[in-house]
Amino acid sequence: MKTKIKHFTFFLLSFLFLTTNVSAAPAWLNGEKVSCGNISNIPAKGPEIVSMFILIAQIAIPIILVILGSIDFAKGIMSQKEDEIKKGQKAFINRLIIGAIVFFVVALSKILVSVVVDNSANKGNIISCINCFANNECN
């Protein structure tokens, strides 16, 4: 099985490297540039991709945790054993709490960074860079 994965990975990497023009930079590197903090000439796609990943994680992780908790709870109910039902219920509640924490911590962090950046006299600090990548609000 590991050999098949190695062969597939080798095929995929060789396909990627052999079918692209090595001398030319990707189009997204030549496009619009942004700056954050003391760093300039950051491709605009970078913060956009990172903020999209954060948004997807903020939504997907709680949903996945609720689904897995529901499955645990359903397994406990299907077994019709009191101990299994309590275990499933406990796992479901724990996953609900973890999902809520993940969702709200990310949301509160984004709000906090946005407020600090708006009230900051020095817009060229690390907080503005975090805001650039978390909220895609770059200079």
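Excluded from the calculations below are hydrogen atoms, water molecules and symmetry mates; all remaining heavy atoms, backbone and side chain alike, are included.
Grouping the Ile, Leu, Val, Met, Phe, Trp and Tyr side chains by contacts below 4.5 angstrom, directly or via other members, places Ile59 apart from Val105. A single hydrophobic cluster is not seen to contain both Phe104 and Leu96; linkage of ILVMFWY side chains at heavy-atom distances under 4.5 Å, directly or through other members, places them apart. With hydrophobic clusters built from ILVMFWY side chains whose heavy atoms lie under 4.5 angstrom apart, Leu55 shares a cluster with Ile63. When the side chains of ILVMFWY residues are joined at heavy-atom separations under 4.5 Å, either directly or via intervening members, Ile77 and Val66 end up in a single hydrophobic cluster.
Counting heavy atoms from C-beta outward, Gln58 and Val102 have side chains that stay 4.5 Å or more apart. Within the 4.5 Å cutoff, no side-chain heavy atoms of Lys90 are placed close to those of Asp72.
Within the model, atoms CD1 of Ile67 and CZ of Phe92 stand 11.0 Å from one another, a figure rounded to the nearest 0.5 Å. Note: Lys45 NZ to Met52 CE = 9.0 Å, rounded to the nearest 0.5 Å. Here the CD1 atom belonging to Ile61 is positioned 13.0 Å from the CZ atom belonging to Arg95, to the nearest 0.5 angstrom. Between the CD1 atom in Ile98 and the CG atom in Leu68 there is a gap of 11.0 Å [rounded to 0.5 Å]. Rounded to the nearest 0.5 Å, atoms NZ (Lys86) and NZ (Lys81) are 15.5 Å apart. Here Ile93 contributes atom CD1 and Phe73 contributes atom CZ; the two are 8.0 Å apart, rounded to the nearest 0.5 Å.
Closest approach of Gly99 and Pro62 over heavy atoms only: O-CG, 3.3 Å.
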